[in-house]
Amino acid sequence: MFRPPTLLLRRPILKPYRLASPTSLRAAYVHSEPASFNPRFQRKVTGWTSPWKLLIGFIPVFTFGLGTWQIYRLQWKLKLIEELEDQLAKPPMDLPRIINTGALPEFEWRRVTVKGIWDHAHSVLIGPKVRENEGGYNVVTPLQRPDASTIIVDRGFVKKDRAEAARDNSDPETRVEGEVEVTGMLRLQPKSNAFTPENQPEKGLWYWPDIVQLVEYAGGSKASVQPVLVEALDQSDIAQHLADMKRGVPIGRPPKADLRNEHATYAVIWFVCLSNANCPH
């Protein structure tokens, strides 16, 4: 009887399966590499912390914070305007002979009445400025009060072609001689911005009312000049206002608190950015 080769019919040899001992399993677990070290697993876990995703997630928080801050600023500005209007509603007060400059912050925007003689020799033009679509300057002149200190008065706006005549008091039609009475409001040192050039008194160039420089230019403490600024008020009717503007008479500021208040607009912008999750560029 033919028998096939043993090699073709040989059955596979089954080896017995050895179970790992508890000790070896414990060692394998201790020395195995944690899943967090697997690069693919690591990307899935920490991918959300990429700088771009962090930026996207921070934008809503940032815009919400700015919008809320503008709401607080709006409330503060409205309260400030109300306080200033209360100050302006009070009757004008007379200034004492010697003014306590330390108490000026309590009386800012308060209406005052002062009498004296203009020191035209130390008048300056501050600007250029624009008012009612006309280019010009503000005329600032020391006011010598009788038996009292001298103060600085911003007399108001005058058109460019009439500015020098108003400063020098050289126009026969608008010349002012003798004692005058001025109603204005007390102001503290105005602030200049980063784009305002520095004053050059030696060249006659004044871009903003620096009270310290104006006092020194008018003679300083030796001439009894105090660092007190009064802005004259325009209390004329519209016909007189237009006539004075044409003749070159300095026009005082309106008798109201004209503080900029755009915080409501800014708040709306930031909350719109929050809703769109996008900021203006």
Side-chain angles (χ1 to χ4, degrees), residues 80-95 104 107-120 122-145 150-192 206-211 214 218 228-261:
L80 176 61
I81 292 176
E82 183 179 356
E83 292 176 355
L84 298 183
E85 289 178 348
D86 289 341
Q87 287 280 66
L88 288 173
K90 296 177 181 179
M93 67 177 187
D94 296 327
L95 291 179
L104 286 178
F107 296 92
E108 187 181 17
W109 299 90
R110 181 68 185 271
R111 288 196 299 164
V112 296
T113 299
V114 290
K115 296 181 180 180
I117 299 175
W118 295 123
D119 180 11
H120 296 291
H122 295 102
S123 285
V124 301
L125 298 177
I126 295 183
K129 298 178 179 294
V130 176
R131 181 168 174 177
E132 301 173 12
N133 297 322
E134 292 279 359
Y137 296 85
N138 273 32
V139 182
V140 178
T141 307
L143 182 67
Q144 298 174 338
R145 300 186 298 158
T150 298
I151 62 174
I152 307 298
V153 178
D154 185 341
R155 299 165 59 190
F157 177 85
V158 65
K159 294 194 300 182
K160 182 178 180 179
D161 57 346
R162 299 281 186 172
E164 292 186 0
R167 177 194 61 189
D168 302 333
N169 197 35
S170 59
D171 189 343
E173 294 184 8
T174 60
R175 182 177 297 156
V176 180
E177 302 289 352
E179 187 177 69
V180 297
E181 180 175 302
V182 179
T183 298
M185 63 172 62
L186 282 172
R187 292 300 311 276
L188 298 180
Q189 172 65 69
K191 296 180 180 180
S192 63
W206 299 81
Y207 301 101
W208 64 289
D210 186 321
I211 296 179
L214 290 169
V228 177
L229 176 64
V230 172
E231 292 184 349
L233 296 175
D234 179 20
Q235 299 178 314
S236 60
D237 56 31
I238 184 63
Q240 186 64 41
H241 174 93
L242 294 176
D244 289 344
M245 179 76 76
K246 184 177 180 180
R247 293 170 54 227
V249 176
I251 306 296
R253 60 168 297 150
K256 62 181 181 179
D258 56 352
L259 298 180
R260 293 182 59 186
N261 186 15

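Positions are given from 1, in the same order as the sequence printed here.
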Closest approach of [X] to [Y] (non-hydrogen atoms, all atoms of both residues):
X: Leu214; Y: Trp206; value: CD2-CZ3, 3.5 Å
X: Pro92; Y: Thr183; value: CG-CG2, 4.5 Å
X: Met185; Y: Trp109; value: SD-CE3, 3.4 Å
X: Tyr137; Y: Ala163; value: CD1-CB, 3.9 Å
X: Val139; Y: Arg167; value: CG1-CA, 4.3 Å
X: Glu181; Y: Lys115; value: OE1-CE, 2.8 Å

When rounded to the nearest 0.5 angstrom, what distance separates [atom1] in [X] from [atom2] in [Y]?
X: Ile152; Y: Asp210; atom1: CD1; atom2: CG; result: 11.0 Å
X: Met245; Y: Glu132; atom1: CE; atom2: CD; result: 4.0 Å
X: Leu233; Y: Arg253; atom1: CG; atom2: CZ; result: 7.5 Å
X: Arg175; Y: Asp168; atom1: CZ; atom2: CG; result: 10.5 Å
X: Thr150; Y: Leu143; atom1: OG1; atom2: CG; result: 7.5 Å
X: Asp244; Y: Thr174; atom1: CG; atom2: OG1; result: 10.0 Å

Any side-chain heavy-atom pair of [X] and [Y] under 4.5 Å:
X: Met93; Y: Arg111; answer: no
X: Leu95; Y: Arg145; answer: yes
X: Asn169; Y: Trp118; answer: no

**Request:** Please check if atom CD in Glu173 has more than 12 non-hydrogen atoms from other residues, nucleotides or ligands closer than 6.0 Å.
**Result:** no

**Request:** Test Thr113 against every option in Asp94, Val230, Val182 by the side chain to side chain contact (heavy atoms under 4.5 Å, CB included) rule and name the one that passes.
**Result:** Asp94

**Asked** Does a donor on one side chain and an acceptor on the other come within less than 3.5 Å for Thr141 and Arg155?
**Response**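 Side-chain D/A pair, Thr141 to Arg155: present.
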
**Complete:** Contacts of Asp119 meeting salt bridge (charged side-chain N to carboxylate O under 4.0 Å, His left out) (sequence neighbours excluded), chain-then-number -> none

**Message:** With a 3.5 Å distance limit and no angle check, can you tell me whether Arg131 reaches the backbone of Ile251 through a side-chain donor-acceptor pair?
**Reply:**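 It does hold such a pair.
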
**Message:** Whether the side chain of Gln189 engages the backbone of Pro209 through a donor-acceptor N/O pair (distance < 3.5 Å, no angle test) should be reported.
**Reply:** yes

